Each structure stands twice: as C-alpha cells, then as structure tokens.
Amino acid sequence: MSDAPAPAPKDFIRELIAADVAAQRNDGWVITRFPPEPNGYLHIGHAKSICLNFGIALENAPKSRCHLRFDDTNPVKEDVEYVNSIQEDVRWLGFDWSQHLYFASDYFEKLYGFALQLIEKGLAYVDDQTLEQVRANRGSLMHPGTPSPFRERPVAENVDLFSRMRAGEFKAGEKILRAKIDMSSPNMNLRDPVIYRILHAHHHRTGDAWCIYPMYDYAHPLSDALEGITHSLCTLEFEHHRPLYEWLINSVDGLPSHPYQREFARLNLTYTVMSKRKLLGLVKAGLVSGWDDPRMPTISGIRRRGYTPHAVRHFCETIGLTKFASLTELALLEHCVREDLNKHSQRVYGVLRPIKVVLTNYPEGQVEQIELVNNPENPTGGTRPVPLSRELYIDADDFMETPVADFHRLVPGGEVRLKYAFCITCDAVIKDAEGRITELRCTYDDATRRGVKPVGRPKVKGTIHWVSAAHAVDVEVRLYDKLFVEAQPEEAAGEEGDFTQFLNPASLEILNAKLEPSVLAASPGAHYQFERVGYFFTDPKDSQPGRPVFNRTVALKDSFAKAK
RNA sequence: UGCCUUAUGGUGUAACGGUAGCACAGCAGAUUCUGAAUCUGCUUGUCUAGGUUCAAAUCCUAGUGAGGCAACCA
C-alpha cells in the first residue's frame, strides 16, 4: 500500500478539469476543441495545443471528445489550402475528431441571431464612427475611453441598421456593431469591443452569402457554447479576453452550454521562429522552399524532415504546461526524435564524404557478403547481406593524416576496424597534384574477422563504417541543420531589426553520398539510421522508385566532435 | 506611468505549509564491432526585502525582472 506509485503530476489545467469531473460539472463531460484559423500551416507550437486538447479528451473517455473547429471568421486571410493541410497535420499527429469537424462559418446565421438578441437587450449598438474615431475614442492604457455618439442609439434603429449592414447597403468601414460594455474599463477588450464588421469579401465556404463577419472575440465563445464545449483552452495572449468571453456567455440567452476559458503559455523553441506571419514571410521571400521545407518548424516541415508523430507527442508531454512564457531548447525536441528513431529505425551504411580505400592484399574481383545487423536495439530485427570487395569508400571524417589527440579512427600506419568485417592498416596515402587525398592503400587482417581481437596485439580502438566502391549507389543526401544561427532570432534582431539576417547559411547542405545498395529498395517516407552518422528519412516528395533522396532528420550525438 | 499574468539549477518542469525531485543539456567513469545507445556518478536552483507560522518554494505585502494589453486580425 505505502509504496503505491505516485500518480503522474498533473498540470494546472488537468487538475482543474479533474476537479470539474469530480464535482460532476457538465454531468462529468469534458469537451475540448482545437480551433485553428485556416490562414497558414500548423507548427510545432500548435502541436502542443493539439496534444493538450485531444489528449485531455482521450484521458477523460468515455464522457469526452475533442472537436476540430476552423475559426474562419476573416475571409480575407483564409484559404482551403490551409484547411486541408491542418486536417492532414492533426491526423498525422495521431488524433481523430471523428464526426466533430466544425466551422465557425457554419454558425454565421445563429451568431447573427445572437447579435440581434444583444441589440434587443440594449447590449449592442451600431456605430457610424470611422476607424480612426473608434480608435481615438477607445482611450489609451492610461486613460479611459469616451463613449461613441452613437452609443445610445434606440434599439429599433440598431436593429434596422444592423439588418441593412447584412443586406449590403453599406461599404466596408462605414458601420460596425459593438458590444455595449464599459468604455472606462482598465481592460481594453471591454471598451465596447467591435463584434461585427463589414467585409465585402468572398469566403472560402460561405461564398458571397455574407458581407458582415463576426470578430473572433464574439464568434469564439458563442461557437464554443453552440458545440457544448466545456473547457476552452487557449494561449496566454487571450487571457485578458476572458472577461469578454464570460460577458458574452452570460449575456446571450439560450446557449446550450456554459464553457469557460483557461490559458496556458505557448511554446517557444530556440533557433527558430514560431509566428505564422513570420513563417509565411520566409515562404513568400523564397528563403525556404515552402511551408513543408524540412527546416521549418511547421508540422509538415518536421514530418518531411523525418520526425515521427510519436516523437512530437512525447515532446509535447515532456515540455509540460504552465503560464510561464518559457523558451524550450531545440535539444529537447532532438532528444525526443533520437529516442524514438534509435529504437525503430533500420540501420544502413552510408558514406557522406567518400575517400577511396584499396585493400592491396584482397583478391581482385572477389566479392563477399557481410551480414550487417539491421537494428541492434531489436533482437529479432535480423541481418542483411552487404557486399564487400577490394575497393571501398570510408568517410573523410574517419581518416586524419595528422591526427588530433584521442583520434582513434584511421591514420597513416594505424589500424581501424571495418565494422562487422575486419581490421585494416593504412600503408600509404595517395594524393593528386594539388595535394588532395585520392586514395588510401591499406591491408586487411584476415585474423580479425567477426570481431575477433587477436591476443597480444594492441587493441584497435576505432570501428568505422564502409561501403564497397563497386556496389555503392550514389544518392542525394540533404543535410539539414538549425534554421537560425541565433537561439532567439527575433530577440537578436530587436524591434525594428530583420530576424532573417540570422538565418543559418549552412542550414542545408546537399551531398552526393555513397550508400549500401539495399537503400535502392527504400520507399518514400522511411526512417533509417546511417550508422555512426545520423537519422535519415526518404523525402516523400522527391524520392522516386529506385532513386531515393534522403533528408537528415537529426545527427547522432557526437561526443568526439564536441571534444574538439 | 495604468491593468492582467508570471518568477524553482544552463533549459523545461515537480513538490498543493513539513526531506527541493525528474527530464534535457553539461562533466566524469563503466560498457560497447555505432566516439551512438545503455549503465553509474557528479556539478548547478527556490528573484529581492519584509511579514504570518513551530515550520514558507508554497500564504500575505512591497520591490525587481519577464510576458501580455490601446486590429473593423485570430
């Protein structure tokens, strides 16, 4: 009894929800929602929210669910391309909204009715002021606002004007509908917030049916209520919108549920930027190849980079949930992928920067098959035959003509083990006229096969990977690195500065690598570990049958490189 | 010169008035046919000042730092 395992610590939101369930609030139901605006691609920060909302629903089954609702109230910024990508990304992360796919635009008629109701109650009015006047009369952070001259407009006139707004009698900006709350509130959101504006814009779902569109602050709480949402979870910047959220929920009659909003800190990650606007900027400026460029922190980008849904979900669990505006190290995300990929990825030999090695005492024309372990982490993973012959390639990193201290790979006169084959000794370094190494002449030791370490001989410390020159296949390999050179590019650029100046010029290096022939069978979207090098993913877009293209997901940890 | 939120090792978090713990990162060592993985150990922390209490990371007050707020964006 006493050594029962401690329950996993809950974050403040899960605690709150657990208390609601215990108190039988909403009959014990927990209904959450993920409410993206379809104005861009989802990024890793959204993954945090997706894992939270869908995760909470899963944890509270069976009296629970999570909706996917598109907050599509601003037609000028939104597009079906985004609604499609968002659904794909949420599914890829492993979550299912089943039949609960909604659009705020589906509620336009009901939202209009609620607005009429507010007008009837004297809680909303049509304002004729210009945008500039509204802004000026809102006051400032230090000073209260002043009421609009139209604030006391009679109900009947408001009803008439609002229906004529809907009918298209006015141009954009001529009139707005405002909630009548408190022009002197210290909370700017309560100073008679705009709840409807005129937009003669084509909507990606409702077409030209509407020329007035509700604002987020108005549509969101009421959409939540219409769907029976119990817990509306959003990021910290909406914290001071909460009184408005509650004002609406309490002011509108006939709502099927009374949800409440709670806020948590959004994810910030080092060496990247996380705003849709800035990511869109990178795409538009051609600084990346698109939203799914493997260097982007978008879900589609990291998917193409080779991250797994499991790794992303585990990352989202690991970072926790608080109200503190924190900055998470990229290293933690990388740790999460390595952890997953180490367990599950097929090992393969790949030489990124080849140096030719000739085994002078190996018979010409002879080819033998060496059995390589597919995945040492998986005892039932089996082996595969890989050809070995007289001429090989090894990685340039694995040879040093004048070695630094503690280098225990191949050096002139030194010995190294070719993994799963035998040890070789470097007898000569051949160079071209410019002094570049073209070839290493080595001899192999037949007595060291299969890992045998002959007694009485100095221990061979280094073990390196290799491929047979005649059998290796040339494959395009893309080495991706962090997008920015600064941990906090926006911070480094300052208010006025341009964060793109900190883009990492070495964030992509394209190599023609020599890989073991088995990779030709790789299908697009497959994860590999190039032994001793890193984790690689066959690019789902650019790979062709028999001609894979590899994206480096993340390098293996390299404690030797660090020591240098 | 306002209002709201927030502050625990380098980073992210836990501790719900009673032994400051975990993960990442870092550093050592063991192990290793991947300088990976694995295992062991170590370094490093309660923003400051008061107060309440037998006892404060935790409650209160003030200060300081950080984030947010004046789109007809979300």
Side-chain angles (χ1 to χ4, degrees), chain A residues 6 8-11 15 35-37 39 71-74 76-78 127 129-131 134-136 138-145 172-178 185-189 191 193-199 212-213 215-217 219-220 234-243 263 265-266 270 276-277 318-336 338-339 342-343 347 349 373 376-377 406-409 417-423 448 450-453 460-465 529-534 555-563:
Chain A
K10 281 183 174 153
D11 55 75
E15 276 183 0
E37 183 191 14
N39 68 342
D71 236 322
D72 53 350
T73 56
N74 185 4
V76 304
K77 286 188 177 174
E78 296 155 9
D127 196 342
Q129 291 183 108
T130 64
L131 197 149
V134 170
R135 201 170 281 167
R138 188 147 34 217
S140 73
L141 296 177
M142 316 304 180
H143 304 288
E174 259 182 75
K175 291 190 169 19
I176 49 173
L177 186 70
R178 293 229 255 171
S185 171
N187 183 339
M188 301 294 288
N189 296 113
R191 321 247 263 229
V194 178
I195 59 180
Y196 267 93
R197 80 287 214 187
I198 296 169
L199 245 34
I212 56 171
Y213 291 92
M215 301 288 291
Y216 164 87
D217 277 320
H220 199 87
C234 61
T235 45
L236 248 28
E237 64 269 29
F238 295 103
E239 197 158 25
H240 46 274
H241 294 235
R242 189 152 113 196
E263 311 81 15
R266 66 189 317 147
T270 56
K276 275 197 224 174
R277 207 191 89 245
T318 307
I319 54 178
L321 195 74
T322 64
K323 299 188 74 165
F324 178 64
S326 58
L327 178 66
T328 298
E329 290 177 343
L330 218 211
L332 182 60
L333 215 212
E334 295 185 334
H335 163 78
C336 290
R338 287 197 189 99
E339 188 182 48
N342 173 49
K343 284 196 205 91
R347 310 287 125 122
Y349 281 5
V373 174
E377 301 289 321
D406 292 322
F407 182 79
H408 48 249
R409 277 106 97 159
R417 181 174 296 278
L418 297 183
K419 198 175 178 193
Y420 286 114
F422 37 62
C423 294
T448 57
R450 283 175 295 279
V452 168
K453 301 167 181 95
V460 176
K461 276 187 178 166
T463 299
I464 65 174
H465 56 99
Q529 185 199 96
F530 291 6
E531 287 215 34
R532 304 206 315 122
V533 176
L556 248 37
K557 286 174 90 177
D558 188 348
S559 55
F560 176 69
K562 210 153 25 189

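It should be emphasised that the depicted structure is a prediction, and the values quoted were computed from it without experimental measurement. Hydrogens, waters and symmetry mates play no part in the numbers below; they use all other heavy atoms, side chains included. Each chain gets a letter, A, B and so on, in the order its sequence line appears, and its residues count up from 1.
A distance of 11.0 Å separates CZ in A/R178 from CE in A/M215, rounded to the nearest 0.5 Å.
Note on A/K461: every side-chain N or O is 4.0 Å or more away from OP1 and OP2 of B/G35. Between A/R138 and B/C72 there is a side-chain polar atom (N or O) within less than 4.0 angstrom of OP1 or OP2. Contact annotation: A/R409 does not reach the phosphate of B/G35 (side-chain N/O to OP1 or OP2, under 4.0 Å). Between A/T328 and the phosphate of B/C24, there is no side-chain N or O to OP1/OP2 separation shorter than 4.0 Å. Checking the phosphate oxygens (OP1, OP2) of B/G68, no side-chain nitrogen or oxygen of A/H240 falls inside 4.0 Å. Dashed line: the shortest gap from a side-chain N or O of A/T322 to OP1 or OP2 of B/G12 is not under 4.0 Å. Listed pair A/S559 / B/A36 meets the phosphate criterion, a side-chain N or O lying under 4.0 Å from OP1 or OP2. Of the side-chain N and O atoms in A/R347, none sit less than 4.0 angstrom from OP1 or OP2 of B/A36. Contact between the side-chain N/O atoms of A/R197 and the OP1/OP2 oxygens of B/A74 is found at a separation under 4.0 Å.
Counting any heavy atom pair closer than 4.0 Å across all strands shown, A/E174 reaches no nucleic acid atom. Base contact: A/H408 has a heavy atom under 4.0 Å from a base atom. The residue A/K419 sits close to a base: some heavy atom pair falls under 4.0 Å. Contacts of A/I319 with the nucleic acid, taken as non-hydrogen atoms under 4.0 Å apart, involve only primed sugar atoms and P, OP1 or OP2. Residue contacts shown for A/N39 are absent, as no nucleic acid heavy atom lies under 4.0 Å away. A/S185 comes within 4.0 angstrom of nothing in the nucleic acid, heavy atoms only. Residue A/I464 is out of contact with every strand shown, counting any heavy-atom pair closer than 4.0 Å. Across all strands, A/R450 comes closer than 4.0 Å to base atoms (heavy-atom distances). Nucleic acid contact class of A/F422 (heavy atoms, under 4.0 Å, all strands): none. Note on A/E37: only backbone sugar-phosphate atoms sit closer than 4.0 angstrom, heavy atoms only; bases stay farther off. Within the 4.0 angstrom heavy-atom criterion, base atoms lie near A/S140. Residue contacts shown for A/E239 are limited to sugar-phosphate atoms, with no base heavy atom under 4.0 Å away. At the heavy-atom level, A/E263 lies nowhere under 4.0 Å from the strands shown. Within the nucleic acid shown, A/P376 comes within 4.0 Å of at least one base atom, counting heavy atoms only.
B/A14 is unpaired under the Watson-Crick or G-U wobble criterion, no partner having all donor-acceptor distances under 3.5 Å. In this structure, B/U32 forms no base pair with any nucleotide, since neither Watson-Crick nor G-U wobble geometry is met with both distances under 3.5 Å.
Listed nucleotides: B/C73, B/C33, B/C72. Nearest to the side chain of A/N74: B/C73. Side-chain proximity of A/T463 to the nucleotides B/C33, B/G2, B/G68 is greatest for B/C33. Of the candidates B/A7, B/C73, B/U34, the closest approach to any side-chain atom of A/F324 belongs to B/A7. The side chain of A/K557 lies closest to B/A25, out of B/C72, B/A25, B/U13.
Using a 4.0 Å cut-off between charged side-chain N and carboxylate O, A/E263 and A/R242 make a salt bridge. Salt-bridge formation is detected for the pair A/E239/A/K323: a Lys NZ or Arg NE/NH1/NH2 atom is positioned less than 4.0 Å from an Asp or Glu carboxylate oxygen.
Separating the CZ atom of A/R191 from the C1' atom of B/A71 is a distance of 15 Å, rounded to the nearest angstrom. Across the protein-nucleic acid pair, A/F238 atom CZ and B/C4 atom C1' stand 15 Å apart, rounded to whole Å. Atom P of nucleotide B/A36 and atom CD of A/E339 are separated by 16 Å, given to the nearest angstrom. Between the CD1 atom of A/I176 and the P atom of B/A71 there is a distance of 12 Å, rounded to whole Å. Remark: C1' of B/C72 and CG of A/D127 are 11 Å apart, rounded to the nearest angstrom. Atom pair A/Q129:CD and B/A71:P shows a separation of 14 Å (rounding to whole Å applied). Taking atom CZ of residue A/R532 and atom C1' of nucleotide B/A37, one finds them 14 Å apart after rounding to whole Å. Here the C1' atom of nucleotide B/G26 and the CZ atom of A/F560 are 19 Å apart, to the nearest Å.
For the pair A/H220 and B/A74, the ring geometry does not qualify as stacking, because the centroid separation below 5.5 Å and plane angle under 30° are not jointly satisfied.
Taking the six-membered ring where the residue is Trp, A/F407 and A/F560 present tilted rings, their angle falling between 30° and 60°.
Below the 3.5 angstrom threshold, one finds no donor paired with an acceptor across the side chain of A/E237 and the base of B/G67.
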